[in-house]
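Data block below; observations after.
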Number of protein chains: 2
Amino acid sequence: MELGHVTRLDDVARALGVSTATVSRALSGKAGVSSEVAERVRRTAAEMGYVANVHARTLAGGTTTVIGLVVHEIGDPYFTEIAGGLVEAAEQNDLLVQVCHAGRDPGRELKQVRSLVAHRVRAVVLAGSGHTDPEVDADLRALLDGFTARGGHVVAIGRRHLESDALLPDNTGAGATLARHLLELGHRRIAVLGGPPGLTTVQDRLAGIHSVLDGREDVELHVLETDFTRDGAATAAVEVVERWPRTTAVLALNDAMAIGVLDTLRRRGVRVPEQVSVAGFDDVAVAAQLSPSLTTTRFPLTEMGREALQLVLTPPSGEARRRRVDHQLITRESTAPPPQE
Amino acid sequence: MELGHVTRLDDVARALGVSTATVSRALSGKAGVSSEVAERVRRTAAEMGYVANVHARTLAGGTTTVIGLVVHEIGDPYFTEIAGGLVEAAEQNDLLVQVCHAGRDPGRELKQVRSLVAHRVRAVVLAGSGHTDPEVDADLRALLDGFTARGGHVVAIGRRHLESDALLPDNTGAGATLARHLLELGHRRIAVLGGPPGLTTVQDRLAGIHSVLDGREDVELHVLETDFTRDGAATAAVEVVERWPRTTAVLALNDAMAIGVLDTLRRRGVRVPEQVSVAGFDDVAVAAQLSPSLTTTRFPLTEMGREALQLVLTPPSGEARRRRVDHQLITRESTAPPPQE
DNA sequence: TTGTAAGCGTTATCAA
DNA sequence: TTGATAACGCTTACAA
């Protein structure tokens with residue numbers, strides 16, 4: 001095989017003295033070829049190093065082996081772990097994953113999905129929070145509807161407003177569990193670092209927290225709206241310490257934020273958990289390796305990535321399949337009873 | 001626009017009463033169309049929601065907007081951070097990234113690259129260590145040579161045996177720097193947790209270490225061959241503690257391994273850095289967040305991902321461009337002078 | 001400046 | 001069971 005030349009279907013056909021149709025059929029394992037010929041074709045193709053041109057194949061009506069993944073923040077361990085599970089599972093099924101970074105911007109996200117659709121990917125997997133305002137996702141939904149109508153498959157992870165197959169983390173339950181955990185430890189002056197109110201994940205986690213703490217006369221609850229990032233939380237934590245110095249527990253809406261809080265507290269000489277308890281959500285891999293290690297509610301991120309691929313592999317039925325993902329409280333060193341008064 | 005129907009080039013042409021050639025030229029910004037017509041075409045195309053069929057375009061000779069990334073271990077922060085930088089930079093240049101997981105298996109890697117080549121990706125980026133035995137990569141090189149000959153672009157990150165454009169982390173220098181750091185702190189009984197000897201990264205880092213420590217009568221050096229992972233190092237650390245209990249410093253060949261060492265030591269009640277110092281390589285994001293925070297040599301991983309994309313964007317010249325990536329010693333809490341005898 | 005028409009490498013539809 | 005041959009939707013000479 002000389003450099004710069006790719007073996008085509010026609011080359012294989014010619015070498016064997018059969019038609020391209022026969023070779024095509026033999027290689028894609030379709031009926032209508034004698035097993036004898038099929039075997040010969042396969043051997044020769046392998047010898048000649050033939051690999052089908054993906055674009056020709058797709059254009060002619062074959063199906064793609066690529067699936068698209070859209071994440072809000074590549075770099076955020078939450079998405080990294082999901083992506084890891086998905087890519088690994090994909091590899092085991094001879095599928096390729098195209099990863100897109102949308103940066104939490106609906107416009108950019110739309111552009112990325114459009115690009116995936118133009119690539120005729122077999123499925124689009126959307127990971128991360130949706131928007132509470134349905135208007136924001138309107139264009140996206142129209143796009144996905146068209147994609148679905150033409151045989152595309154959409155799988156969401158945590159975007160409950162989309163009418164696709166979905167993996168739905170129990171964010172509300174996780175919020176309630178953490179609030180209860182703090183309550184049981186004896187905390188009564190609690191600060192919550194929330195994210196942008198437009199995100200369903202934020203909304204749901206807050207709802208869970210409120211469901212447990214609201215209406216209790218003995219609880220003093222402060223909710224701060226901040227960025228959904230480590231740095232946003234680090235800054236907000238300063239505010240908490242200064243405005244409500246008697247706070248005994250800080251609940252951050254995700255682990256990245258909780259790490260930011262730990263950072264601020266350490267810098268200010270506030271001991272965790274002796275003086276202030278801290279907890280997060282998700283249980284990203286680092287959470288266990290921090291010191292103090294972080295109390296959090298676990299969602300099996302890598303597993304969710306794998307499961308998303310399972311959904312991709314099973315053809316969509318009429319009904320959208322919506323699977324709830326349960327959380328699990330992981331109690332570690334960062335939470336403890338509040339200091340004695 | 002009805003569901004299930006995609007606007008094609010021909011639809012746009014017909015709507016305007018011009019030829020497909022004109023539309024094609026106008027949309028790809030080629031010369032030979034009056035700016036007036038071009039403008040009209042662009043507007044109409046946008047209105048009709050036209051997006052070119054990637055496969056048709058590629059088949060007809062256009063270029064792809066996809067680049068392939070092959071990593072050893074998706075899930076390992078080393079690769080995650082590189083991938084993050086690459087994907088983000090790609091997004092800014094309207095490029096898509098296909099991520100492949102090779103699991104440190106040359107056969108799987110070959111298969112993945114073959115698939116990328118079949119997709120006619122614009123470039124293949126290979127991240128991670130190469131093999132010291134040139135035989136192992138022979139098939140890969142043949143494949144890449146063909147790819148290059150047909151106009152494909154190959155960029156390596158840290159695979160110095162490949163004759164492509166490359167970003168080459170100064171692994172040898174980093175090894176020497178860390179060895180010197182330990183020496184200067186006063187350590188004389190040092191254990192090194194190495195990885196599989198077949199990897200160039202392992203070889204280079206070890207070479208750097210040996211270049212500083214070898215031939216010194218006062219230094220007792222033990223090198224253990226283990227897995228290039230956190231768990232491998234955790235197990236090896238047990239052996240170090242048991243076989244050479246007087247060791248005062250453990251040097252792991254990457255941060256993931258160093259974290260494994262910290263884990264083992266904590267579990268055994270060995271205090272870091274009071275009793276034993278620990279250091280790693282790479283400075284993945286967690287390294288700073290651990291406690292004790294980890295002394296390591298920094299390679300700017302995210303930046304390297306971005307830079308790899310820059311190489312992809314600048315067309316290959318005759319000469320392969322090989323850029324050295326410098327390291328930086330980051331001294332944190334995990335290293336200190338050895339305990340007094 | 002514009003249009004016509006010939007590919008690009010497959011798959012799928014008919015005939016044979 | 002096989003083989004011609006027409007799509008698939010685009011780019012790009014070559015003509016006009």
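Letters A, B, ... mirror the listed sequences (proteins, then strands); counts begin at 1.
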Side chain of [X] (C-beta onward), nearest among [options]:
{"X": "B:Ala21", "options": "D:dA7, D:dC10, D:dA13", "answer": "D:dA13"}
{"X": "B:Ser34", "options": "C:dT1, D:dC10, C:dA5", "answer": "C:dT1"}
{"X": "A:Leu59", "options": "D:dG9, D:dC10, D:dT1", "answer": "D:dG9"}
{"X": "A:Arg57", "options": "D:dG3, C:dT10, D:dT11", "answer": "C:dT10"}
{"X": "B:Ser19", "options": "D:dC10, C:dT10, C:dG3", "answer": "C:dG3"}

When the distance from [atom1] of [X] to [atom2] of [N] is rounded to whole Å, what number comes out?
{"X": "A:Leu16", "N": "D:dG3", "atom1": "CG", "atom2": "C1'", "result": "15 Å"}
{"X": "A:Glu39", "N": "D:dT1", "atom1": "CD", "atom2": "P", "result": "16 Å"}
{"X": "B:Asp10", "N": "D:dC10", "atom1": "CG", "atom2": "P", "result": "8 Å"}
{"X": "A:Lys30", "N": "C:dT10", "atom1": "NZ", "atom2": "C1'", "result": "11 Å"}
{"X": "B:Asp11", "N": "D:dC10", "atom1": "CG", "atom2": "C1'", "result": "13 Å"}
{"X": "A:Asn53", "N": "C:dT10", "atom1": "CG", "atom2": "P", "result": "6 Å"}
{"X": "A:Arg14", "N": "C:dT10", "atom1": "CZ", "atom2": "C1'", "result": "15 Å"}
{"X": "B:Arg150", "N": "C:dG9", "atom1": "CZ", "atom2": "P", "result": "11 Å"}

Quick check on [N]: is either OP1 or OP2 less than 4.0 Å from any side-chain nitrogen or oxygen of [X]?
{"X": "B:Ser24", "N": "D:dT12", "result": "no"}
{"X": "A:Ser28", "N": "C:dT11", "result": "no"}
{"X": "A:Tyr50", "N": "C:dT10", "result": "yes"}

Any side-chain donor paired with an acceptor under 3.5 Å for [X] and [Y]?
{"X": "A:His161", "Y": "A:Asp137", "answer": "no"}
{"X": "A:Ser129", "Y": "A:Thr200", "answer": "yes"}
{"X": "B:Thr314", "Y": "B:Arg321", "answer": "yes"}

Sugar-phosphate only, base, or nothing, as touched by A:Thr22 at under 4.0 Å among non-hydrogen atoms: sugar-phosphate
Within the 4.0 Å heavy-atom criterion, would you say B:Val18 contacts the bases, only the backbone, or no part of the nucleic acid?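 Sugar-phosphate contact only - B:Val18 comes under 4.0 Å of backbone atoms but never of a base.
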Note: A:Glu88-B:Arg108 ion pair, threshold 4.0 Å (strictly below):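 Here A:Glu88 does not pair with B:Arg108 in a salt bridge, since their nearest N and O are not under 4.0 Å apart.
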If the threshold is 4.0 Å, N to carboxylate O, is there a salt bridge linking A:Arg40 and A:Glu36? no
When the nearest nucleotide of DNA chain C is assigned to A:Arg25 and to A:His55 on a heavy-atom basis, which residue is associated with the more 5' position? A:His55
